[in-house]
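A quick note: this is a predicted structure, and the numbers were derived from the prediction, not measured. Here is the naming used below: chain letters follow the sequence lines, and residue numbers restart at 1 for every chain.
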Amino acid sequence: MGIRFVLMVNKQGQTRLAQYYEYLTLEERRTLEGEIVRKCLARNEQQCSFVEHRTYKIVYRRYASLFFLVGVDNEENELAILEFIHLLVETMDRHFGNVCELDIMFHLEKAHFMLEEMVMNGCVVETSKANILAPIQLMDKTS
Amino acid sequence: MSGGGGPSLMDSLFQRTLDDLIKGIRLHLPGAPQSSFISKSLDEIRREIKSTDLQTKSTALQKLTYLHSLHGIDMSWAAFHAVELTSSPSFLHKKTGYLAASLSFRPSTDVLLLLTNQLRKDLSSTNQHEVSLALECLSVICTPDFARDLTPDIFVLLTSSKSFIRKKSIACLLMVFSQYPDAVRVCFKRLVENLESGDSAQTLAATVSVFCELASKEPRSYLPLAPEFYRILVESRNNWVLIKVLKIFAQLAKLEPRLAKKVVEPICDHIKRSEAKSLVFECVRTIVSSFHEYEFAVKLAVAKIREFLLDSDLNLRYLGLQGLLLVAPNHLWAVLENKEVVIKSLSDVDRNIKLEALRLVMSMVSDDNVVEICRVLIGYALKSDPEFCNEILRSILSTCSRNVYEIIIDFDWYVSLLAEMARIPHCQNGEEIEYQLIDIGMRVKDVRPELVRVGRGLLIDPALLGNPFIHRILSAAAWVSGEYVQFSRNPFEIMEALLQPRTNLLPPSIRSVYIHSTFKVLSFCLHSFLFPKKEVNSLLSDNDIEPGFTYSESEQEFTETDQATSSSAFQKRDTFTQESIDNVLTLVITSLTPLVENHDVEIQERVRNVLGLAQLAQKDISSHHDQKEKMVDKMDLKVSIIIRLINDALSEDFGPIPFNAQERVPIPDGLVLEENLSKLDSICADVPLPKSESFSLLKPINLPTDGDSISNQHNEEESETSAAESMSLLAEHRKKHGLFYLSSNDNKNASSSFPPANDPSQRDNDMEDLVKLTEESLVLKRKPNLSRPRPVVVKLDEGDRLPIIVKKTDENDDLISGAVRDVLLGNETSLHSNNPSGRRKGKTSSKDKVENSETSNSSKRRSKHRNHGNNVDKKEEISEKSKQKSGGRHRARRRADGDIDVAVQKPVIPDFLL
């Protein structure tokens with residue numbers, strides 16, 4: 001399965017969003033997140049965006065204080081995942097307007113909703129920002 | 001305050017919102033204050049979530065979901081409340097409920113089945129956003145039960161007029177198929193239709209993704225769809241879709257070479273035309289991994305890889321190296337062309353890039369260049385940080401030892417390389433080096449003199465004893481020096497090295513290896529002194545002294561040649577003078593006597609063995625010396641007889657032992673391995689247990705654990721040394737607790753069915769069976785300028801190191817692909833095989849359930865057409881029209897299907913090639 005999990009983590013290593021596309025227990029998630037954060041956050045700008053960890057390949061990108069980490073299996077196209085991360089950030093940016101860590105914290109449900117529009121079963125199903133945001137905008141309007 | 005509705009009213013009025021909770025968490029410092037705040041909030045949530053007011057409940061669940069997903073709080077207890085909220089008429093509540101369910105439910109959640117009806121209701125809702133919620137939730141938490149019960153609903157959605165719904169139901173199918181392979185028979189046709197129609201870019205992306213995932217598990221079934229994929233490859237302008245299609249072709253092309261010919265052109269076009277690096281890279285990867293026989297395509301791909309390698313973007317450089325790694329097996333020239341870049345990357349700042357470069361360098365290794373590459377790499381290792389240094393050493397070790405040291409021709413060089421590695425300050429691969437030193441010693445006879453020389457170098461350096469990381473290597477050096485002491489130029493020097501004061505820095509397990517080696521060296525020295533070379537032959541054939549020991553002819557020759565080699569190592573036989581032997585004996589006795597009281601039982605035992613021999617020898621030889629009698633009379637000494645026996649015992653060669661040796665030992669009758677050993681404590685209470693993991697000359701896997709060869713040998717040594725007076729501690733121990741040792745009878749049983757690796761009587765046959773001379777490789781491509789041939793490396797027929805585990809394909813994948821094949825091939829043969837209902841007889845009950853649920857569901861849409869025979873697939877309806885509509889129909893059909901099954905079993909794969 002292409003994408004196995006999506007994590008958003010701040011500079012201090014605190015998880016701000018975690019979506020898994022395969023079942024892991026809470027304990028497994030916590031250790032996995034800890035390992036990944038330790039591995040990725042120690043890297044600097046001069047290092048590449050791909051890290052191999054356990055059976056995953058982690059593709060990550062840093063935007064301001066937030067790290068976007070996507071765990072994929074080894075078959076996945078790394079550059080496409082980088083594009084996916086960028087698309088995710090752009091989409092959030094369009095919705096929240098200059099998205100920051102706090103936006104995601106206080107609107108976790110919306111962030112999950114956007115992610116659900118983009119990815120299902122670990123497959124990227126939607127890549128148009130307008131399409132991704134349409135249901136959320138509708139929801140905001142009605143509520 | 002007063003009424004029963006009070007708490008819930010109070011709760012809803014003064015309930016903290018999610019924002020309040022988040023702010024609260026941020027106000028409290030991480031650690032104790034924060035966790036106490038969280039547990040306080042949890043208490044509130046527990047109260048609020050029971051409220052009858054849905055808004056209150058929803059907010060409570062929202063907060064709980066937040067805590068669960070970001071702070072790892074367990075929320076399995078709230079599963080029922082999540083299910084409750086999904087049935088709320090309010091979309092927002094429903095959303096909260098579904099999100100909580102998809103984030104926290106697991107296959108074992110007990111209220112899972114309660115969700116089935118709600119999911120079904122929402123899947124058939126007129127509000128597309130409700131449908132979407134249900135689909136998204138299902139795609140995460142789907143279980144076989146859900147999949148079975150809801151397949152009909154998803155089947156309907158696959159033809160929805162809204163592409164928003166269609167793409168999600170398609171993506172959801174992947175999960176449904178994996179949970180319930182029978183769903184393939186129902187839904188696959190419509191999935192294919194979605195691929196063919198291609199009316200919406202959205203659904204196409206989802207469909208292709210699903211096929212990509214399915215094909216990655218078992219590609220063969222999807223070959224018939226190749227024309228469709230080809231059309232997409234040529235027509236689509238969506239990079240996401242193209243990448244997925246390329247992945248599918250990478251799988252298919254391996255199965256069907258004619259396909260490759262057709263596809264390789266459009267892929268090259270994409271490389272030339274596309275601006276998107278991701279697509280270009282995918283094309284490159286597809287070509288080098290699946291189309292490597294098309295020279296022009298590979299050339300193009302390698303040119304692109306080179307562009308990546310020279311790019312300033314680190315990510316592209318990393319991927320370029322990965323691409324090279326894929327090309328390497330078939331087109332080594334591509335790697336050699338980019339050699340400088342690869343070598344340069346070894347000193348990149350990024351560890352990942354360095355690692356990829358290292359893998360590439362290792363892929364270039366062959367028997368011609370291994371020496372040169374290792375030299376370069378060791379140079380890099382010395383310059384690198386400790387972590388990468390060890391990474392380099394590890395890959396050298398594993399590459400060189402691959403397939404029983406396949407690429408090593410010059411073992412003398414390799415052995416000294418191992419020693420060189422030991423001296424690298426950061427080296428942490430002691431265990432592997434230890435293993436290889438001993439392994440090579442046992443396998444390659446010709447290298448033993450060099451091995452002893454290298455071992456000496458390590459042993460005599462007192463500085464090395466201070467580094468705990470290389471203690472294991474020293475252990476191997478000590479063992480080698482003792483076992484093959486006859487090749488040593490100066491055994492006295494080795495003796496001194498083994499007994500140097502700094503050996504007290506070693507852990508007990510390794511120290512006992514040192515001491516045992518002392519024993520071997522000492523007995524060798526005494527033997528050489530007492531039986532100068534000329535008498536060796538006569539002595540060996542003089543078997544009547546010890547009738548228990550009968551060597552076969554070849555064995556004798558073997559020992560003789562050994563002796564001959566050893567004598568050549570000693571140009572000066574007269575090194576073994578009376579004086580030097582006296583010195584050695586004094587050295588042994590003075591250095592080891594303090595260890596008699598050592599707390600480690602293993603050391604103690606071995607020290608006593610050595611001391612017993614040394615003291616006996618000293619007494620005999622010095623008294624003999626005083627009498628100034630002639631050399632010949634030495635033979636009559638008590639010590640001479642013992643030494644000869646010991647030496648005979650020690651001169652046996654150790655050979656490599658198959659990995660599965662232990663398994664082949666039958667468990668003796670009456671031995672219950674699982675028996676509770678609780679009695680052991682009371683028995684052993686008075687015995688100080690050794691702290692270390694007992695003696696291990698070799699890696700545990702290499703020990704002949706059946707105890708035959710080694711313990712026999714120990715027994716011999718023991719009985720002999722005990723004749724030389726000192727009763728060993730182990731023997732006492734054995735006597736006392738004889739019950740825990742296998743009786744000798746058992747041992748014989750074992751050895752009768754499993755020939756021990758070192759049994760001298762078996763040696764001849766074993767050698768023929770087990771030894772595989774690498775003549776083939778010698779003939780194959782030996783360079784004429786090679787100064788000397790590769791020495792013989794002993795290999796075992798079976799079980800050298802780890803056995804290879806054959807990966808089994810998932811049973812589910814088999815089921816899926818089986819179903820897919822049926823559906824697809826059925827497409828072209830007859831309508832009958834399109835039958836979507838479950839075909840396998842074992843699954844009839846589940847099949848009936850599908851139909852039943854389908855019936856109830858479709859009743860809404862076709863209420864006037866209510867009929868038991870109303871079935872899933874329209875096509876089936878068509879095909880069924882003429883048939884009877886009674887309930888018994890299914891059985892008849894199933895039988896008919898069975899016949900078709902037989903016919904389909906050997907599918908004729910049609911020529912799909914475009």
>> For A:N131, which atoms come within 4.5 Å of any heavy atom of chain B: side chain, backbone, both, or neither?
In response: side chain
> Between A:R43 (side chain) and A:C48 (backbone), is there a donor-acceptor pair under 3.5 Å?
Replying inline: yes
> So, B:H68 side chain and B:D74 main chain: donor-acceptor pair closer than 3.5 Å or not?
Replying inline: no
> Of all heavy-atom pairs between A:N121 and A:Y21, which one has the smallest distance, and what is that distance?
Replying inline: N-CD2, 4.3 Å
> Relative to chain A, which segment of B:L21 carries a heavy atom at a distance below 4.5 Å: side chain, backbone, both, or neither?
Replying inline: neither
> Top residue by heavy-atom pair count (under 4.5 Å) with chain A, among B:I353, B:V349, B:L103?
Replying inline: B:L103
> Looking at A:E78, A:Q46, A:H107, A:E27, which makes the most heavy-atom pairs under 4.5 Å with chain B?
Replying inline: A:E78
>> Which heavy atom of A:E117 sits nearest to which heavy atom of B:S132, and what is that distance?
In response: OE2-OG, 4.1 Å
> If you count heavy-atom pairs under 4.5 Å with chain A, which of B:K168, B:H129, B:Q322, B:K244 comes out on top?
Replying inline: B:K168
> For the candidates B:R359, B:R351, B:R317, which exhibits the highest count of non-hydrogen atom pairs separated by less than 4.5 Å from chain A?
Replying inline: B:R359
> With a 4.5 angstrom heavy-atom cut-off, which part of B:L316 approaches chain A: side chain, backbone, both or neither?
Replying inline: side chain
> Looking only at heavy atoms, which two atoms of B:A205 and B:V241 are closest? And how far apart?
Replying inline: CA-CG2, 3.7 Å
> What option among A:E52, A:Q19, A:E33 has the most heavy-atom pairs under 4.5 Å with chain B?
Replying inline: A:E52
>> If I measure from the heavy atoms of chain A, does B:C172 come under 4.5 Å with its side chain, its backbone, both, or neither?
In response: both
> Do you know the tightest heavy-atom contact between A:I104 and A:A111?
Replying inline: CG2-CB, 4.3 Å
>> So for A:F50, is it side chain, backbone, both, or neither that comes closer than 4.5 Å to the heavy atoms of chain B?
In response: both
>> I'd like to know which of A:T15, A:L17, A:N77 tops the heavy-atom pair count under 4.5 Å against chain B.
In response: A:N77
> So which part of B:H71 gets closer than 4.5 Å to some heavy atom of chain A, the side chain, the backbone, both or neither?
Replying inline: neither
> Is the shortest side-chain N to carboxylate O distance from A:E76 to A:K57 below 4.0 Å?
Replying inline: no
> Are any side-chain N or O atoms of A:E101 and backbone N or O atoms of A:L66, one a donor and one an acceptor, separated by less than 3.5 Å?
Replying inline: no
> Looking only at heavy atoms, what is the nearest atom pair of B:M175 and B:C142, with distance?
Replying inline: CG-CB, 3.4 Å
>> Quick check for you: among B:F281, B:F164, B:F105, which has the greatest number of heavy-atom pairs under 4.5 Å with chain A?
In response: B:F164
>> Would you say the ring centers of A:H86 and A:F68 fall short of 6.0 Å from each other?
In response: no
>> Please classify the contact of B:D348 with chain A as side chain, backbone, both or neither, using a heavy-atom distance under 4.5 Å.
In response: neither
>> Taking B:R16's backbone N and O only, do any of them form a donor-acceptor pair with B:K63's side chain (distance below 3.5 Å, no angle check)?
In response: yes
> Side chain, backbone, both or neither: which part of A:L102 has an atom under 4.5 Å from a heavy atom of chain B?
Replying inline: side chain
>> Can you tell me which portion of A:F113 sits under 4.5 Å from chain B's heavy atoms? Options are side chain, backbone, both or neither.
In response: side chain
>> Under a 4.5 Å cutoff for heavy-atom pairs, which residue among B:A276, B:S139, B:P107, B:S102 has the most contacts with chain A?
In response: B:S139
>> Looking only at heavy atoms and a cut-off of under 4.5 Å, which of B:L319, B:T207, B:L18, B:V140 has the most pairs with chain A?
In response: B:L319
> Given the options A:Q14, A:E75, A:R29, which has more heavy-atom pairs under 4.5 Å with chain B than any of the others?
Replying inline: A:E75
> So which part of A:S49 gets closer than 4.5 Å to some heavy atom of chain B, the side chain, the backbone, both or neither?
Replying inline: both
> What closest approach, in Å, do A:F5 and A:L7 show between heavy atoms, and which atom pair accounts for it?
Replying inline: CD1-CG, 3.9 Å
